[in-house]
Amino acid sequence: MSKLIEPRTLKGFRDFLPATMIPRERLMETARRVYRSFGFAPIDTPALEYTEILLGKGGAETDKQMFRFEDSGGRDVAMRFDLTVPLARFVAQHAGTLGLPFKRYHIATVWRGENTQRGRYREFMQCDFDTIGTRSIAADIETTLVIHELFLAIGFTDFAIHVNNRKVLTGLLERLQLADKSTLVLRALDKLAKIGAAKVNEELASTTGATTEQAAAILEFATLAGTNDEIVAGVAKAVAGSALGEEGVADLRSLLAACAAAGVPDARLKLDVSIARGLDYYTGTIFETFLTHLPSIGSVCSGGRYDNLAGLYTKQELPGIGASLGLDRLLAAMEELAMLPKAATPAEALVTYFDAERLHDYLRLAALVRSDGIGVEVYPEPKKLGQQLKYADGRGFRVALIAGSNELSAGECQVKDLRTGGSETVPLADVPSAIKRVLSAG
RNA sequence: GUGGCUGUAGCUCAGUUGGUUAGAGCGCCAGAUUGUGAUUCUGGAAGUCGGGGGUUCAAGUCCCCUCAGCCACCCCA
C-alpha cells in the first residue's frame, strides 16, 4: 500500500469552510450591490500577467512579494499582487472602446509572497472600485461616499475614514526644501500613530537628514489635532505660499464640505494629515479606513487619487481615483469582533423526513417553499425526529417544517421556529408566508 | 525576508525533576425516549503528542532541522 499524502495547505493560503464562506460571499454581494448602486461596472482580468506588466511601477518591494515563475512556454509570468496595476494595463488596452470616464469595480483574488499574520495572507481577496479619466473633485467625493456607504451596508457604524491629501504634504516639503525626500518623510509619518512623535523625529533626522527645525515643522504639521475644520485651518497655515499645498487645502475643503452635506458624520470622516500610504503613485486625496473597535488590524479599505495611472502602458494621460476593500482582512476583523453568524447552511428551512412513505409530499412541499425564494433542504433520511431537529439546529437553520401523516392528510404542516422553539400548524399553501413571518421576527 | 513566541482528541486546555496502556471539559455518535432540538442519565468513537532526525535503558517532556499559526520589523488589504 502506498503512503498517504498529508493533506495540507501552503503558508498564507487557506481553505474556507461553509461557516466562513457564507459570510464571505455575503460580503462580496454587499460590495457588489453598493458599487453597482453608484454606477460602477464589473470587470475581470487574468490572475497571471507578463511580469514586465506587473513589475512596472511597484519597485523592489512588490518585486520581492510577487509569485513569479516561467511558464511552460518559457514566458516570464507573475500572479497579480493587486488589482490596480492590472487595471492600468486594462484601461491602456481598452480605453478606446470603454470611453471615459470609466467606472469599474473588480472583486478578485490577489497574491503576495510576504510573511503572514492575522488578517495578512498570501492569497486574499480585494474589492476595488475606481473612476478613471477625470480630475474632478466630484470623483474624490463620490469615492468617499462609496466607502462610507459600503461599511454601513456591511453592518458597521463604528469606523472612521481617514482622509488626507498628498498635495498638502508635498506643499509643506516644498516649503521646507525637502521635496526630494518626500518618500522617506511619508514613510516616517505613516508610523506616527504606531511609534509616536519622538521616534518619528529620530527617523526623520536619520533617514532624511532633516534639521531640527525641519523635523519640528513636519511633526507640528502631522500632529495637528481638533475638529476637521480646525485641522484644515492649521494645514492652510503650514502650507501657505506653496501653490500645490494650497490646491490640496482647497481639495480637502471641498471634500469635507460635500461629505458633510451628504450626511457623513464628522466622527466617520477624519482629516488625518499623518496618513501617507507607502505607495508612491498617489498624488492627491488618500484614504485609509479603520475599525474603531479593532484598530490594530490596520486599514481595511484604502485608496487614493493618482494623476497618471497607466503612464507605463500608454501615452494617453489617465487620471483616476479609487479604493480597495480588503475583504479577507475585514472578515478576520469581523470574526474577532464576533460579528459573524455561525450558520453552516445558506438555506433557511429544513423539511424533516418524518414519515418514510411521504417523501413525495416532502419534495413537493420543498418545491413550493423554494418557488417563493426561500432556501430549503429536505433531510435525506427518515431518521428520528429529534436527530433531524438537532441537525437543523446545529447547522443554523431558522425553521423546521414537520409533517407526519396526521398533518399531511389534513393538508397541513407544522412550521417550527428553531430559535424560540414555538410552532404553528398552517395549511400547506400558507407555509411560505409562515416561514417569512418567522424570518422577519428575528 | 529578519527576529521572537506557540503547536497535545473536532474545540479549549492539563500532563509534575524525561519513567509503565496520554487525561479532562465541551462537541460528536448511539441508547434511555418508535411525533419534536440547546436539560438529565448511560454507553461509545476519536490523539501520526505539527512533521523528521538526534541524545537516552526510557522523550509529549531535552537538542537540531523543518512545517504552520501568532507577534514585532518591513510593507500593506
Side-chain angles (χ1 to χ4, degrees), chain A residues 3-14 17 19 27 31 58-66 81-84 107-128 147 183 186-188 190-191 194-195 199 203 275-280 287-291 296-303 323-333 336 342 350 352-356 358 379 382-408 414-423 425:
Chain A
K3 195 161 185 261
L4 291 174
I5 298 165
E6 187 193 349
R8 57 190 186 142
T9 50
L10 251 15
K11 180 188 181 76
F13 290 71
R14 302 158 300 150
L17 274 56
L27 262 188
E61 275 306 322
T62 46
D63 189 11
K64 270 196 294 189
Q65 294 187 358
M66 268 197 313
F81 60 88
D82 73 3
L83 300 177
T84 304
I107 299 177
T109 307
V110 303
W111 295 269
R112 290 183 198 176
E114 67 174 338
N115 246 342
T116 53
Q117 241 174 80
R118 176 189 54 161
R120 304 178 65 152
Y121 314 103
R122 291 189 165 182
E123 178 181 62
F124 59 98
M125 187 158 275
Q126 292 196 322
C127 307
D128 278 36
I147 297 174
T183 302
L186 293 175
R187 292 243 164 97
D190 222 19
K191 298 178 199 161
K194 218 167 201 173
I195 63 177
K199 289 257 172 73
E203 184 168 334
I275 66 154
R277 317 270 307 123
L279 292 175
D280 295 340
F287 306 101
E288 301 213 337
T289 309
F290 297 95
L291 303 176
S296 65
I297 202 144
S299 174
V300 287
C301 184
S302 309
S324 177
L325 174 72
L327 185 130
D328 287 295
R329 177 174 289 186
L330 185 64
L331 216 51
E336 194 162 328
K342 283 190 312 215
L350 178 78
T352 55
Y353 193 167
F354 189 12
D355 184 325
R358 295 287 199 164
Y379 196 82
K383 281 220 283 195
K384 277 168 54 179
L385 191 56
Q387 286 177 26
Q388 297 189 43
L389 289 174
K390 198 170 178 183
Y391 168 86
D393 185 53
R395 293 300 165 102
F397 285 94
R398 293 292 316 282
V399 172
L401 301 178
I402 303 167
S405 12
N406 294 349
E407 287 89 349
L408 287 174
Q414 202 181 125
V415 177
K416 187 177 177 73
D417 182 336
L418 288 165
R419 284 191 195 168
T420 66
S423 75
T425 301

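Source: prediction; values computed, not measured. All chains are named by letter (A, B, ...) in the order of the sequence lines, taking the proteins before the strands, and each is independently numbered beginning at 1.
The base of B/rC75 sits with one of its N or O atoms less than 3.5 Å from a complementary donor or acceptor on the side chain of A/Arg120. You won't find any donor-acceptor pair under 3.5 Å spanning the side chain of A/Arg8 and the base of B/rA68, going by distance alone. Between the base of B/rG35 and the side chain of A/Asp355 there is no donor-acceptor pair shorter than 3.5 Å. In this model, a side-chain donor or acceptor of A/Glu114 finds a partner on the base of B/rA77 within 3.5 Å. Within 3.5 Å, no donor on the side chain of A/Gln388 pairs with an acceptor on the base of B/rG35, nor the reverse.
In this structure, of B/rC70, B/rG37, B/rU2, it is B/rU2 that holds the atom nearest to the side chain of A/Asn115. For A/Lys384, counting side-chain heavy atoms from C-beta on, the closest listed nucleotide (B/rU36, B/rG31, B/rC28) is B/rG31. Of the candidates B/rC70, B/rC76, B/rC29, B/rC76 carries the atom nearest the A/Arg329 side chain, counting heavy atoms from C-beta on. The side chain of A/Arg112 approaches B/rC76 more closely than any other nucleotide in the set B/rG37, B/rC76, B/rU36. Between B/rA68, B/rA77, B/rU36, one nucleotide has an atom nearer to the side chain of A/Gln414 than all others, and that is B/rU36.
Residue contacts shown for A/Glu123 are absent, as no nucleic acid heavy atom lies under 4.0 Å away. Within the 4.0 angstrom heavy-atom criterion, base atoms lie near A/Gly119. No engagement by A/Asp128 is indicated, since no non-hydrogen atom pair under 4.0 Å with the nucleic acid exists.
Rounded to the nearest Å, the gap between the C1' atom of B/rU61 and that of B/rU17 is 11 Å. Straight-line distance between the P atoms of B/rU55 and B/rG10: roughly 32 Å, to the nearest whole Å.
Applying the 5.5 angstrom centroid cut-off and the 30 degree plane-angle cut-off, the aromatic ring of A/Phe124 is stacked upon the base of B/rA77.
Applying the 4.0 Å criterion to OP1 and OP2 of B/rA30, one finds that A/Lys383 has a side-chain N or O inside that range. Using a 4.0 Å cut-off, some side-chain N or O of A/Gln117 falls inside it from OP1 or OP2 of B/rA72. At least one side-chain nitrogen or oxygen of A/Gln387 sits closer than 4.0 Å to the OP1 or OP2 atom of B/rA30. Between A/Ser324 and B/rA77 there is no side-chain N or O to OP1 or OP2 distance below 4.0 Å.
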